[in-house]
Amino acid sequence: MKQNLQPYVFPGIICQEILDLAISQIPYMRTAQFSDIVLDCQRLLLEFINCKNGKVIFGTCSGTAAMDAVVANYVTTKQKPMVLDGGAFGHRWSELCTYYNIKHSVFNTPYAENIDYNELETQIINSHIDVLLCQHHETSSGQLHDIKKISDICKRHSVKLVVDVISSFLIEDFDMNELDVSIAITSSQKGLNIPPGLALIFLSEDCSTEQFAHNNYYLDFQENLNNLTRGQTPYSPATQLFLQLHERLKIIKNQGLETHKEIIASKAKAFRRKCVQYGWVMPCQTPSNCVTGFFITSDIKSVLNDLIAQGIYIMPGGQPNYLRVSHTGDSSVQDLECLADTIYNTTLKY
Ligand SMILES: *Cc1c(COP(=O)(O)O)cnc(C)c1O
């Protein structure tokens with residue numbers, strides 16, 4: 001691997017002080033000191049997502065395992081779920097329901113387009129659902145859903161709301177109490193900008209006292225909640241990731257969450273100015289600040305391989321000739337502008 005690797009993917013460039021925590025000796029985790037770290041992480045996470053008196057279940061796994069655990073522990077206790085499928089990640093909710101033999105309806109929404117919220121409401125009424133599973137940001141396209149509108153519909157029809165905020169947490173505004181969200185999930189390698197391997201499941205105060213099903217031994221909600229009261233996980237936690245998570249949360253707390261989000265937004269804006277300049281089409285009707293997706297006309301495989309040879313990683317997307325650039329991580333507006341210039345010069349070769 002190159003020394004000066006430039007990853008504009010997930011998690012993005014990670015600052016040295018957080019990277020250093022991964023190469024230190026590992027403290028024992030069954031201690032009051034480690035419990036304090038877990039509980040302080042929970043406190044800051046709940047503050048950032050505004051989930052008063054809620055709980056955070058920490059899993060040593062990636063985000064999909066959190067989706068899996070939500071379906072196994074929670075969705076199986078409901079009568080009729082609906083999945084909002086706006087791309088690869090929305091589709092995953094549906095696959096999980098099928099995996100657990102849960103009858104569910106699916107609301108398909110066209111790639112990168114805004115949802116028809118009137119049609120969504122009509123289908124919710126007609127399907128008599130009791131829980132809606134959706135994404136806040138469909139990362140595969142870069143399209144941001146209007147979570148306020150979705151929440152209002154759910155409130156009007158007493159539908160519980162579960163939101164995958166894996167790629168919008170700490171990037172877009174998301175207020176769990178205000179939106180009356182029962183469960184939100186995220187993972188370490190997106191907005192948190194630390195290595196992959198930690199999944200976080202936020203339970204609202206009301207939801208945390210519900211009766212859960214027991215279909216998933218490792219991520220059994222009740223067992224995890226019992227251990228959480230003493231700041232512990234039932235099984236060996238990814239200790240270093242917890243230390244990195246704690247450091248990240250303290251950095252954001254000191255910087256201010258709003259400032260943190262504004263910096264990411266300014267990078268998205270700068271990169272999109274460059275896309276316009278280079279004539280790259282951005283299909284998303286409501287793009288998130290997390291990634292910018294755009295079409296190029298050159299051979300995409302050659303472009304990606306050439307960039308890798310230059311030490312630069314960007315992502316392909318769910319469509320032919322679609323590229324995505326992440327705005328998470330320790331990069332500057334200027335870095336993003338330089339990146340666009342480098343991508344442009346590389347496309348000229350193919
Ligand atoms: C990345 C992502 C996931 C999957 O997370 P993994 O950590 O790769 O399992 C799920 N949903 C969304 C919206 C994502 O961006």
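Numbering of ligands and ligand atoms starts at 1, following listing order.
Residue contacts with ligand 1: Q189 is placed with a nitrogen or oxygen under 3.5 Å of a nitrogen or oxygen of the ligand (distance criterion only). Considering both main-chain and side-chain atoms, Q135 never comes within under 3.5 Å of ligand 1 through any nitrogen or oxygen pair. Looking at D164 next to ligand 1, an N or O pair under 3.5 Å apart turns up. Not one N or O of I166 is nearer than 3.5 Å to an N or O of ligand 1, by distance alone.
The single protein non-hydrogen atom nearest to atom 13 (C) of ligand 1 is T139 OG1, 3.2 Å, given as residue, atom name and distance. Looking at atom 14 (C) of ligand 1, its nearest protein heavy atom turns out to be K190 NZ, 3.0 Å. Among all protein heavy atoms, the one lying closest to atom 3 (C) of ligand 1 is F89 CE2, 3.3 Å.
Within a 6.0 Å radius of OH in Y344, other residues, nucleotides and ligands contribute 12 heavy atoms or fewer.
Counting the atoms of ligand 1 from 1 in the order shown, those under 4.0 Å from a heavy atom of T64 are 4 (C), 5 (O), 6 (P), 9 (O). Residue R92 has at least one heavy-atom neighbour below 4.0 Å for each of these atoms of ligand 1: 4 (C). Those atoms of ligand 1 with a heavy atom of S187 less than 4.0 angstrom away are 7 (O). Close contacts of ligand 1 with S167, meaning ligand atoms under 4.0 Å from a residue heavy atom, involve 13 (C), 15 (O). Less than 4.0 angstrom separates some heavy atom of G63 from each of these atoms of ligand 1: 5 (O), 6 (P), 7 (O), 9 (O).
Residues F294 and Y278 place their aromatic rings such that the two centres sit no closer than 6.0 Å.
Defined by atom type and a distance below 3.5 Å, a donor-acceptor pair is present between the side-chain atoms of D164 and Q135. Using modelled atom types and a 3.5 Å distance limit, the side chains of Q310 and T346 yield a donor-acceptor pair. Using modelled atom types and a 3.5 Å distance limit, the side chains of D335 and S332 yield a donor-acceptor pair.
Ligand 1 lies out of reach of P196, whose nearest heavy atom is not under 4.0 Å from it.
Within the 4.0 Å heavy-atom criterion, both parts of S62, backbone and side chain, lie near ligand 1. Only the backbone of H137 comes within 4.0 Å of ligand 1, judged by heavy-atom distances.
Using a 4.0 Å cut-off between charged side-chain N and carboxylate O, R92 and E95 make no salt bridge. Ion pairing between R43 and D40 holds under the 4.0 Å rule for side-chain N and carboxylate O. For the pair R156 and D152, the salt-bridge criterion is not met [side-chain N within less than 4.0 Å of a carboxylate O].
Cation-pi contact between K190 and F89: present, with separation from the ring centre below 6.0 Å and deviation from the ring axis of at most 45°.
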### Task
Could you walk me through whether I201 and F221 pass side chain to side chain contact (heavy atoms under 4.5 Å, CB included), step by step?
CA-CA 9 Å; I201 303 167; F221 279 8; 3.8 Å; yes
